[in-house]
Engineer: 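Can you read through this structure? Questions will come right after.
Per chain, numbering begins at 1; letters A, B, ... match sequence-line order. Treat the numbers as computed from the prediction; the structure is a model and nothing was measured.
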Amino acid sequence: MNSDRSYAAHASPDAADDIDEAELAQAMRVVPLGAGFLAGTAVALLVLGYLLIYLLVFIPRGSVG
Amino acid sequence: MTELHPEMHERRILGTELLWAFGVGVLIAAVLSMIVFTALSIGVNPPSNVERIDPKTLHLSGEFAEDNLGTTVGADGRVVVRAVATQFMFVPRCIAVPAGRPVTLRFASPDVLHGLLITGTNVNTMVVPGYVAQVHTVFTRTGDLLMPCHEYCGLGHSEMWATVQVVPEDQFQPNSEGRVSCAQR
């Protein structure tokens, strides 16, 4: 509960904004790159797993059609 | 460092999203191309067979009558397996098939929707009442394979499974009627 109250105090619109704009701009420049890298890596691993199973397991088992 | 103009910021976001969409589009196109290529070059297709059968009478006469169930080797050497998927068992409970030889599996259901797969193979089909499910395959490894029902069919669903006994070609000996049963062990 205490932490909620202190969070509310910090989040109040009247509280002083002590964030350095330059640092914020720098962070906003880098964070999307990190998000893109993380998402890209996750998708790449997923596709790699799919390809390995498709080519090394599914195809060698032969057609059933 | 100067702050980006809001319009520039929007354009950067749009550019990133378009780049991501392009990448995903390339991936989807690559996967679809691979599926089409394998379908055309080595015939990898999902099992498709539209063949109707009356679920109310299939057990009385014809192909899926009890006498015809199991493994049959035709005069032309074709190996055909016929089985009924019913609540809550496969009839027969054990299916004998040869290794390294094309086998046609045919299933029908007299009651509700069932499904089956054979472990370690690509055999995987639904058994829809009113239709014959047909799958062609070649078993490459000998041994006993599990064939469970994989479509929930009622309270006894988890007890519904059969065994596929894959035997070496030289041990696959049809009797005088061309029938082959599982070896008793």
Engineer: Is it the side chain or the backbone of L24(A) that comes within 4.5 Å of chain B heavy atoms, both, or neither?
Structural biologist: neither

Engineer: Are side-chain heavy atoms of N122(B) and L117(B) found at a separation under 4.5 Å?
Structural biologist: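 The answer is no; the side chains never approach within 4.5 Å.
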
Engineer: Do L116(B) and Y152(B) share a hydrophobic cluster, counting only Ile, Leu, Val, Met, Phe, Trp and Tyr and linking them when any side-chain heavy atoms are less than 4.5 Å apart?
Structural biologist: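 Result: no, two separate clusters.
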
Engineer: State, with a plain yes or no, whether a side-chain heavy atom of P92(B) is found less than 4.5 Å away from one of I95(B).
Structural biologist: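 Answer yes - side chains close enough.
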
Engineer: Start with the C-alpha gap between I42(B) and F37(B), add the side-chain angles, then the distance that decides, and say whether side-chain contact (heavy atoms from CB on, under 4.5 Å) holds.
Structural biologist: CA-CA 8 Å; I42(B) 53 176; F37(B) 175 74; over 6 Å; no

Engineer: Can you tell me which of T121(B), T104(B), T16(B) forms the most heavy-atom pairs within a distance under 4.5 Å of chain A?
Structural biologist: T121(B)

Engineer: Name, in order of residue number, those residues of residues 124-141 of chain B that have a heavy atom at a distance of less than 4.5 Å from a heavy atom in chain A; otherwise write 'none'.
Structural biologist: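 Checking residues 124-141 of chain B against chain A gives V135(B), H136(B), T137(B).
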
Engineer: Between E51(B) and N49(B), do the side chains contain an N or O donor and an N or O acceptor separated by less than 3.5 Å?
Structural biologist: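 A pair is found: one side chain offers a donor N or O, the other an acceptor, under 3.5 Å apart.
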
Engineer: With chain A, which of L105(B), V24(B), N45(B) has the greatest number of heavy-atom pairs at distances under 4.5 Å?
Structural biologist: N45(B)

Engineer: Consider only side-chain heavy atoms of I, L, V, M, F, W and Y, link residues closer than 4.5 Å, and tell whether V84(B) and V97(B) are in one cluster.
Structural biologist: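 Result: no, two separate clusters.
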
Engineer: Please state whether the side chain, the backbone, both or neither of I35(B) comes within less than 4.5 Å of a heavy atom of chain A.
Structural biologist: both

Engineer: Going by distance alone, is a donor N or O of one side chain under 3.5 Å from an acceptor N or O of the other, for D111(B) and T86(B)?
Structural biologist: yes

Engineer: Does F90(B) share a hydrophobic cluster with L69(B), counting links as ILVMFWY side-chain heavy atoms below 4.5 Å and allowing steps through other members?
Structural biologist: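 Each belongs to a different hydrophobic cluster.
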
